[in-house]
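To keep things clear, I will list the structure first and then write my remarks on it.
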2 protein chains.
Amino acid sequence: MITVIITFMQKLTAQRQAILDLINASNRHWDADEVARALVDTGASIGIATVYRGLSALESQGLIDSIQLADKKRYERADKAHHDHMVCTGCGHIEEFSHDTIEALQEAAAEKKGFKLTGHQLVMFGFCRKCRQELDT
Amino acid sequence: MITVIITFMQKLTAQRQAILDLINASNRHWDADEVARALVDTGASIGIATVYRGLSALESQGLIDSIQLADKKRYERADKAHHDHMVCTGCGHIEEFSHDTIEALQEAAAEKKGFKLTGHQLVMFGFCRKCRQELDT
DNA sequence: AAATGTAATGATAACCGTTATCATTATCGT
DNA sequence: ACGATAATGATAACGGTTATCATTACATTT
């Protein structure tokens with residue numbers, strides 16, 4: 001096997017700093033378009049391509065996290081403990097949760113199949129408390 | 001809230017039967033393009049749009065299952081017990097596994113947040129036994 | 001401070017999986 | 001067989017994302 005590893009300096013430019021600040025300022029889960037829109041609204045000048053590149057650069061540096069939903073990727077702050085997500089299919093609300101036992105059992109299940117885990121993603125779908133009530137009316 | 005439910009007959013046409021037979025004949029996880037290619041290879045005449053429509057029709061009837069990966073959707077036989085997936089990022093191999101305790105804990109975690117679960121998807125990423133060995137060489 | 005090398009930017013084209021459109025064909029119940 | 005309606009297939013369109021490329025910004029060296 002031939003492995004080539006190319007490394008280069010990642011620059012934390014003004015645009016990337018702005019993206020990082022925006023994401024760090026809340027607990028929201030942002031898609032690329034929302035980030036671009038929010039930054040432009042504050043008067044910043046940033047192209048959509050720069051947002052996409054900035055988001056993946058920041059993620060590869062571990063400065064932000066992401067979850068891959070069916071249609072798009074969403075980014076969130078990285079300075080939180082590991083957690084998974086529940087997505088309300090009614091209103092889009094995303095709730096976070098973490099469960100050490102589930103994590104441990106996943107690791108054990110992988111090991112049993114000979115897998116060396118590098119990551120996982122657990123997304124649960126359903127109706128949040130609010131949407132659940134509206135369904136009953 | 002206004003809810004409109006429109007129901008109509010779903011026809012099991014020759015094309016859809018061919019898709020169903022193909023998927024039922026193995027344990028593979030097919031994407032739409034692979035299905036179309038495989039059917040055309042057997043001499044069948046089927047358009048890619050028909051494959052997409054057939055796949056979602058069959059899934060909505062519970063005749064096949066699917067998993068949503070980052071880039072595309074993959075379909076598999078439905079006549080298996082519920083299970084989740086481990087995807088090898090080295091070779092693309094998909095391994096299935098099931099774990100009742102994890103399922104139960106998920107349900108409990110959702111309930112604690114007030115969520116009424118409708119489904120979930122757990123995908124674990126890593127290296128399968130074979131790719132793991134190649135990494136060490 | 002000027003020059004140099006390199007990564008980032010931004011506008012836009014391209015990409016890829018998927019869905020919509022629409023005229024035509026096939027299917028099912030009667 | 002007839003009539004109603006769903007399915008088909010070719011292709012356009014869509015939406016999120018990535019590639020292209022000329023230009024700009026940055027850090028390091030002279």
Side-chain angles (χ1 to χ4, degrees), chain A residues 5-23 29-61 63-64 66-76 87 92 94 121 123, chain B residues 5-23 29-61 63-64 66-76 87 92 94 121 123:
Chain A
I5 299 180
I6 301 173
T7 311
F8 51 85
M9 249 261 288
Q10 301 253 60
K11 297 179 180 172
L12 188 54
T13 60
Q15 287 90 337
R16 293 185 182 175
Q17 187 66 60
I19 295 173
L20 183 56
D21 289 346
L22 178 71
I23 291 178
H29 299 76
W30 303 80
D31 67 34
D33 202 56
E34 289 168 348
V35 169
R37 214 173 289 273
L39 292 181
V40 169
D41 280 354
T42 67
S45 164
I46 190 169
I48 185 68
T50 302
V51 171
Y52 275 104
R53 276 180 305 226
L55 287 170
S56 27
L58 291 169
E59 183 180 20
S60 76
Q61 295 171 91
L63 297 175
I64 57 177
S66 77
I67 49 171
Q68 173 72 50
L69 299 186
D71 53 340
K72 60 178 68 161
K73 215 167 177 183
R74 287 189 171 276
Y75 294 86
E76 64 178 321
V87 180
I94 297 179
Q121 186 171 277
V123 180
Chain B
I5 299 180
I6 302 174
T7 309
F8 52 84
M9 252 261 289
Q10 301 252 61
K11 297 178 179 171
L12 188 54
T13 61
Q15 287 90 337
R16 292 185 182 176
Q17 187 65 58
I19 295 173
L20 183 56
D21 290 346
L22 179 70
I23 291 178
H29 299 74
W30 304 79
D31 66 34
D33 201 56
E34 289 168 349
V35 169
R37 213 173 290 271
L39 292 180
V40 168
D41 281 353
T42 68
S45 164
I46 189 167
I48 185 66
T50 302
V51 171
Y52 275 103
R53 276 180 304 226
L55 287 170
S56 26
L58 290 170
E59 184 181 18
S60 76
Q61 294 170 92
L63 297 174
I64 57 176
S66 77
I67 49 171
Q68 172 74 50
L69 299 185
D71 52 341
K72 61 179 64 159
K73 213 168 177 181
R74 288 189 170 275
Y75 294 86
E76 64 179 322
V87 180
I94 298 179
Q121 187 172 276
V123 181

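Every chain is numbered from 1, with letters handed out A, B, ... down the list of sequences.
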B:Ala57 and B:Arg16: which non-hydrogen atoms are nearest, and at how many Å? CB-NH1, 3.5 Å
How many whole angstroms separate atom [atom1] of [X] from atom [atom2] of [N]?
| X | N | atom1 | atom2 | value |
| --- | --- | --- | --- | --- |
| B:Gln17 | C:dT27 | CD | P | 12 Å |
| B:Leu12 | C:dG29 | CG | C1' | 17 Å |
| A:Gln15 | D:dT24 | CD | P | 14 Å |
| B:Asp33 | C:dT19 | CG | P | 14 Å |
| B:Tyr52 | D:dA10 | OH | C1' | 15 Å |
| B:Arg74 | C:dC16 | CZ | C1' | 14 Å |
| A:Leu55 | D:dT18 | CG | P | 10 Å |
| A:Ile48 | D:dT20 | CD1 | C1' | 17 Å |

Please work out if [X] contacts a base, only the sugar-phosphate, or nothing of the nucleic acid, heavy-atom cut-off 4.0 Å.
| X | value |
| --- | --- |
| A:Thr13 | sugar-phosphate |
| B:Asp71 | sugar-phosphate |
| A:Arg16 | sugar-phosphate |

Show the numbers, then the answer: is there a side-chain contact (heavy atoms from CB on, under 4.5 Å) between B:Leu58 and B:Ile19? CA-CA 9 Å; B:Leu58 290 170; B:Ile19 295 173; 3.7 Å; yes
If you assign each of B:Asp31 and A:Ile46 to its closest nucleotide in DNA chain C, which residue comes earlier from the 5' end?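 The answer here is A:Ile46.
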Which residue, A:Ala49 or A:Ala57, contacts DNA chain C at a nucleotide closer to its 5' end, judged by nearest heavy atom?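 Looking at the nearest nucleotide for each, A:Ala57 comes out on the 5' side.
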Could you point out which residue of A:Glu34, A:Gln68, A:His29 forms a side-chain hydrogen bond (donor to acceptor under 3.5 Å, both in side chains) with A:Arg74?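 Among A:Glu34, A:Gln68, A:His29, the one meeting side-chain hydrogen bond (donor to acceptor under 3.5 Å, both in side chains) with A:Arg74 is A:Glu34.
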Distance in Å, A:Leu55 CG paired with A:Ile64 CD1, rounded so as to fall on 0.5 Å steps: 5.0 Å
As a quick check of understanding, evaluate side chain to side chain donor-acceptor pair (under 3.5 Å) for B:Ser66 and B:Glu59, giving each step before the final call. CA-CA 7 Å; B:Ser66 77; B:Glu59 184 181 18; 2.6 Å; yes
Does D:dA7 have OP1 or OP2 sitting under 4.0 Å from an N or O in the side chain of B:Thr50? no
Which nucleotide in the set D:dG9, C:dT18, D:dT20 lies at the smallest distance from any side-chain heavy atom of A:Arg53?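 Comparing D:dG9, C:dT18, D:dT20 against the side chain of A:Arg53, the answer is D:dT20.
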